[in-house]
Amino acid sequence: MPELKQSKSEWTSNDWYKVCGEFTFRPRLRYQMMNKKDHSGRPIWGVEVPDLNSARWEPEFEFAYDIWTSNGVSGAALTQRGQHSVWLFATIYSEYQWSGGGRYETARVAKIGTKRCCKPSHRETISADRRIECDSGKYYVEWSISRLADDGTADRQGDGGPQGVIEWDSDAAQIKREIAINQNIYG
């Protein structure tokens, strides 16, 4: 399954920093291996193929950002300098939760939120540490990259950095079919 990507740029609420962020959602289909079976159903020892009945999605989030600093003069060049405290956030909601039937409950499908103190340019991949059943419906991935103020308080969401929503369908029929044909599982 292809990765889903969004790129956005926003100024912080005080117009001193421009946060250019890119978020990539990688569903990652994982499965166990099994011995291949011959036409009569007996295992062929030493020949392993994917067990598609064990297939599950194990999502990963990739955050990449650049922070540009203004010198306070309108129209002046931006520079990259200093260390910045940044909050990386992503949540996966089921279609039911997203439509309002439990969106604000604490039990989301997956949620990560982590603070980083990094250079002006940074890229990091974080696992969701969750398994999601294949073919279990649509999901919505909400994400944000926010520069934190120096005193530890966050800028207002929406003004503090880029954010977005990605819609993802957990249907795995096509990719399972391609794996089965590729690995000649049934023949």
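What's counted below: heavy atoms across the whole structure, side chains too, no hydrogens, waters or symmetry copies.
Between Ile92 and Ile132, some side-chain heavy-atom pair lies under the 4.5 Å cut-off. The closest side-chain heavy-atom distance from Trp68 to Cys20 is below 4.5 Å. Under the 4.5 Å side-chain criterion, counting only non-hydrogen atoms from C-beta, Arg56 is not in contact with Arg30. Considering only heavy atoms from C-beta on, Leu88 stays 4.5 Å or farther from Phe61 through its side chain. Looking only at side-chain heavy atoms (C-beta outward), Val109 and Gln97 come within less than 4.5 Å of each other. Under the 4.5 Å side-chain criterion, counting only non-hydrogen atoms from C-beta, Pro50 is in contact with Met33. Residues Leu29 and Cys134 form a side-chain contact, since some pair of their non-hydrogen atoms from C-beta on lies under 4.5 Å apart.
Panel note: side chain Trp57, backbone Ser170; a donor-acceptor pair is recorded below 3.5 Å. Under the 3.5 Å distance criterion, the side-chain polar atoms of Lys8 are matched with a main-chain donor or acceptor of Gln163.
For the atom pair Arg147 CZ and Ile67 CD1, the distance stands at 6.0 Å (nearest 0.5 Å). Atoms CZ and CZ, on Phe63 and Phe23 in that order, are 5.0 Å from each other to the nearest 0.5 Å. We find the CZ-NE2 distance between Arg116 and His122 to be 6.0 Å, quoted to the nearest 0.5 Å. Atom OG of residue Ser146 and atom CH2 of residue Trp87 lie 9.5 Å apart, to the nearest 0.5 angstrom. The structure places CZ of Arg42 at 14.0 Å from CG of Asn35, a figure rounded to the nearest 0.5 Å. With values rounded to the nearest 0.5 angstrom, Ile179 atom CD1 is found 10.5 Å from Gln174 atom CD.
Listed here is the closest heavy atom pair of Ala128 and Ala110: CB-CB, 4.1 Å. Closest approach of Ser94 to Tyr140, counting heavy atoms only: O-CD1, 4.4 Å. When all heavy atoms are compared, the tightest approach of Asp169 to Gly137 is OD1-O, 3.6 Å. Scanning all heavy atoms of the two residues, the minimum distance from Ser127 to Ile112 falls at O-CG2, 4.0 Å. Heavy-atom minimum distance, Asp51 versus Tyr31: O-CB, 3.7 Å. Ala180 and Leu52 get closest at one heavy-atom pair: CB-CD1, 4.0 Å.
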**OP:** Give the intermediate values and the outcome of ring-ring contact (aromatic ring centres under 6.0 Å, His included) for residues Tyr65 and His84.
**Re:** CA-CA 11 Å; Tyr65 62 84; His84 299 272; 8.4 Å; no
**OP:** Evaluate the criterion side-chain hydrogen bond (donor to acceptor under 3.5 Å, both in side chains) for residue pair Thr24 and Arg26; output intermediate values, then yes/no.
**Re:** CA-CA 6 Å; Thr24 306; Arg26 293 191 182 102; 5.0 Å; no
Original post:
Should Val49 and Met34 be marked as a side chain to side chain contact (heavy atoms under 4.5 Å, CB included) after you check the CA-CA gap, both sets of side-chain angles, and the distance that decides it?
Top reply: CA-CA 6 Å; Val49 293; Met34 67 177 188; 4.1 Å; yes
**OP:** Go through Trp143 and Gln6 one step at a time and tell me if the side-chain hydrogen bond (donor to acceptor under 3.5 Å, both in side chains) criterion holds.
**Re:** CA-CA 10 Å; Trp143 65 274; Gln6 282 186 345; 2.7 Å; yes
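The existence of a salt bridge linking Glu48 and Lys36 is excluded, since no basic side-chain nitrogen approaches an acidic carboxylate oxygen closer than 4.0 Å.
Of the options Lys111, Lys138, Arg108, a side chain to side chain contact (heavy atoms under 4.5 Å, CB included) to Tyr93 is made by Arg108 and by none of the others. In summary, of the residues considered (Glu58, Glu60, Glu62, Glu3), a salt bridge (Lys or Arg N to Asp or Glu O under 4.0 Å) with Arg28 occurs for Glu60 alone.
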